[in-house]
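Structure record follows, encoded as structure tokens.
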Number of protein chains: 2
Amino acid sequence: MTAEMTPPTSSLARAGVRPVPAAVYEGGLFADCPELIGTPFTYARDEEVYGEGEEAEFVYKVVSGAVCTYKVLSDGRRQITGFHLAGDLFGFEHGPAHRHTTEALADTRVLVFSRAQIERVATGRADVACRLWSLAARGLGHAQDHMLLLGRRSAVERVAAFLLDVDARLGGTGRFALPMTRRDIADYLGLTIETVSRTLSQLESEGALLRTGSRDVALRRRQIRRCIED
Amino acid sequence: MTAEMTPPTSSLARAGVRPVPAAVYEGGLFADCPELIGTPFTYARDEEVYGEGEEAEFVYKVVSGAVCTYKVLSDGRRQITGFHLAGDLFGFEHGPAHRHTTEALADTRVLVFSRAQIERVATGRADVACRLWSLAARGLGHAQDHMLLLGRRSAVERVAAFLLDVDARLGGTGRFALPMTRRDIADYLGLTIETVSRTLSQLESEGALLRTGSRDVALRRRQIRRCIED
DNA sequence: CGAAGGCTTGAGGAGTTTCAAGCGACGTGG
DNA sequence: CCACGTCGCTTGAAACTCCTCAAGCCTTCG
């Protein structure tokens with residue numbers, strides 16, 4: 001691990017986090033790209049990975065756990081722009097600084113990559129640059145779907161769509177534990193925690209889902225889907 | 001102009017639009033990339049450039065005029081995801097099909113590029129692929145800003161931010177003609193036309209702007225900016 | 001065992017939408 | 001050339017959805 005590859009240590013020290021032995025978790029950004037090897041790192045629950053305005057020095061890949069990226073207004077209103085689960089990349093930026101904040105929703109293992117090195121490799125290898133392009137394009141597509149949700153969907157539709165999305169990303173079995181709090185869900189869906197809570201209760205009373213714990217749900221996916229106009 | 005480069009003619013014929021002589025408007029996708037030359041085309045006001053679900057065969061660059069891209073729900077609710085003015089690119093997709101619809105807000109001249117050709121060039125030239133990556137990343141950044149607006153901002157903040165954005169893109173003089181209708185603005189900001197109209201009236205009554213025609217506005221930018229928490 | 005934090009539920013209220021009416025600009029046809 | 005219909009925009013009143021404020025419950029953790 002070179003000096004260049006060391007993320008700002010303040011937040012790590014704060015949480016008492018230390019890098020795990022490289023040999024155990026080391027992996028590439030892309031399967032077929034041995035030049036881009038990430039350094040394993042871990043972040044504790046609620047720990048900030050980077051903040052808005054900080055220099056965008058690193059790019060990250062989730063190994064296990066979950067993080068979310070968000071923007072906050074000066075009066076505290078917050079919009080979560082995305083959740084990143086195992087396998088997802090985050091931390092890419094267009095300019096020199098991070099345009100949002102990222103924090104861990106749970107204890108999370110990541111691979112850290114040097115942005116400068118990725119860009120160096122990309123300028124030389126068109127296939128790598130194309131994968132980065134593809135990645136950004138996929139993210140853009142998702143963002144556009146989410147704009148439709150935020151701009152035009154009702155509370156029930158938002159929550160229903162969210163549940164189906166999480167289910168799909170967590171295996172698609174219809175049963176799962178939400179990896180985030182009501183506040184996170186609310187800030188992702190542009191609602192309040194009370195509305196999220198009420199909407200979940202409503203869906204449960206209609207028999208569209210079953211809650212075993214406050215985080216654990218079992219969906220009747222047919223019925224949930226019927227809540228969503230498309 | 002090869003057969004491959006001919007956009008579906010139905011909509012063109014409908015509007016009586018014909019390609020203008022290539023020598024006049026022909027230009028590249030990027031300044032330094034002579035391989036990627038676009039074919040000039042024009043679309044009439046309200047004409048659809050492509051629809052959601054259609055094969056994403058072409059990519060477009062606005063020469064003059066304006067277009068918007070949007071998604072619609074089956075019950076008619078619509079979310080505009082972006083306005084594209086002179087110089088802007090649109091029509092890039094991640095998958096094989098367009099994920100949204102694009103139509104012209106005014107009579108619009110564009111350059112049409114073959115997507116397959118762009119992708120061929122990109123797989124061979126890392127610099128081109130990097131510019132495409134950069135383009136997508138910029139779009140993603142904008143989308144994230146817009147999510148914050150849609151999820152967390154009030155009507156006044158949305159309209160104020162919108163006015164400043166249009167002003168900046170139209171020269172930044174503080175005086176301009178809105179290239180889109182109230183319906184378009186509303187569908188971009190996640191509001192109704194009535195709310196947009198009322199909010200403009202409110203801003204005018206507060207002296208934050210002056211309307212000379214229904215589309216022509218002069219901003220007091222300081223005052224408009226004060227409406228927006230950041 | 002007590003405090004803190006996350007979640008739920010209720011009551012009331014604010015902001016935005018819905019429904020409705022009217023105005024003005026524009027284009028068309030008599 | 002003017003009447004008329006259309007379309008985009010504005011404004012008002014009422015309704016509705018979601019938010020705010022508040023209280024209480026449950027779980028977790030020290």
- prompt: Quick one: does Arg198(B) reach the base of dT18(C) with a side-chain donor-acceptor pair under 3.5 Å?
  reply: yes
field: More than 12 heavy atoms from other groups under 6.0 Å of CZ on Arg215(B)
entry: yes
- prompt: Using a cut-off of 4.0 Å on non-hydrogen atoms, how would the nucleic acid contact of Thr195(B) be classed: base, sugar-phosphate, or nothing?
  reply: base
statement: Assign each of Val196(A) and Arg152(A) the nucleotide of DNA chain C bearing its closest heavy atom; nearer the 5' end lies the nucleotide of Val196(A)
query: How is Leu200(A) classified with respect to the nucleic acid when contacts are heavy atoms under 4.0 Å: base, sugar-phosphate, or nothing?
result: nothing
- request: Give a yes or no on whether Arg220(B) atom CZ has more than 12 heavy-atom contacts from other residues, nucleotides or ligands under 6.0 Å away.
  value: no
message: Output the rounded distance in Å from CG (Leu189(A)) to C1' (dC19(D)).
response: 15 Å
- request: Check every atom of dA20(C), dC18(D), dC9(D) against the side chain of Arg215(B) and return the nucleotide holding the closest atom.
  value: dC9(D)
field: Tyr70(A) and Glu103(A) side chains, donor-acceptor separation under 3.5 Å
entry: yes
message: So if I take every side-chain heavy atom of Thr192(A) and compare against dC19(D), dT16(C), dC18(D), which nucleotide ends up nearest?
response: dC19(D)
task: Please determine if a side-chain N or O atom of Ser154(B) lies less than 4.0 Å away from the OP1 or OP2 oxygen of dG15(C).
output: no
message: Using a heavy-atom cut-off of 4.0 Å across all strands, would you classify Arg158(A) as base, sugar-phosphate, or nothing?
response: nothing
message: Between C1' on dT11(D) and CD1 on Ile193(B), what's the gap in Å once rounded to a whole number?
response: 12 Å
query: Picking from dT11(D), dT10(D), dT8(C), which would you name as closest to the side chain of Arg211(B)?
result: dT10(D)
task: Remember a base hit wins even if backbone is also touched, and classify Gly190(A) as base, sugar-phosphate or nothing at under 4.0 Å, heavy atoms.
output: sugar-phosphate
query: Would Tyr60(A) and Tyr50(A) count as a ring-ring contact (aromatic ring centres under 6.0 Å, His included) if you check the C-alpha gap in whole Å, the side-chain angles of each, and the deciding distance to 0.1 Å?
result: CA-CA 11 Å; Tyr60(A) 307 80; Tyr50(A) 54 80; 5.8 Å; yes
message: Measure CG/Leu178(A) against P/dC7(C) and give the value in whole Å, please.
response: 9 Å
- request: Report which part of the nucleic acid Ser197(A) touches: base, sugar-phosphate, or nothing (heavy-atom distance under 4.0 Å, all strands).
  value: base
message: What is the separation between atom CG on Asp75(B) and atom P on dT18(C), rounded to the nearest whole Å?
response: 10 Å
- prompt: Please give, in whole Å, the distance from dA13(D) P to Glu194(B) CD?
  reply: 15 Å
query: Can you check whether Ser214(A) has a side-chain N or O nearer than 4.0 Å to OP1 or OP2 of dT8(C)?
result: no
task: Answer yes or no: is there an ion pair linking Glu157(A) with Arg77(B), defined by an N-O contact shorter than 4.0 Å?
output: yes
message: Taking 4.0 Å as the cut-off, does a side-chain nitrogen or oxygen of Arg183(B) come that near to OP1 or OP2 on dG8(D)?
response: no
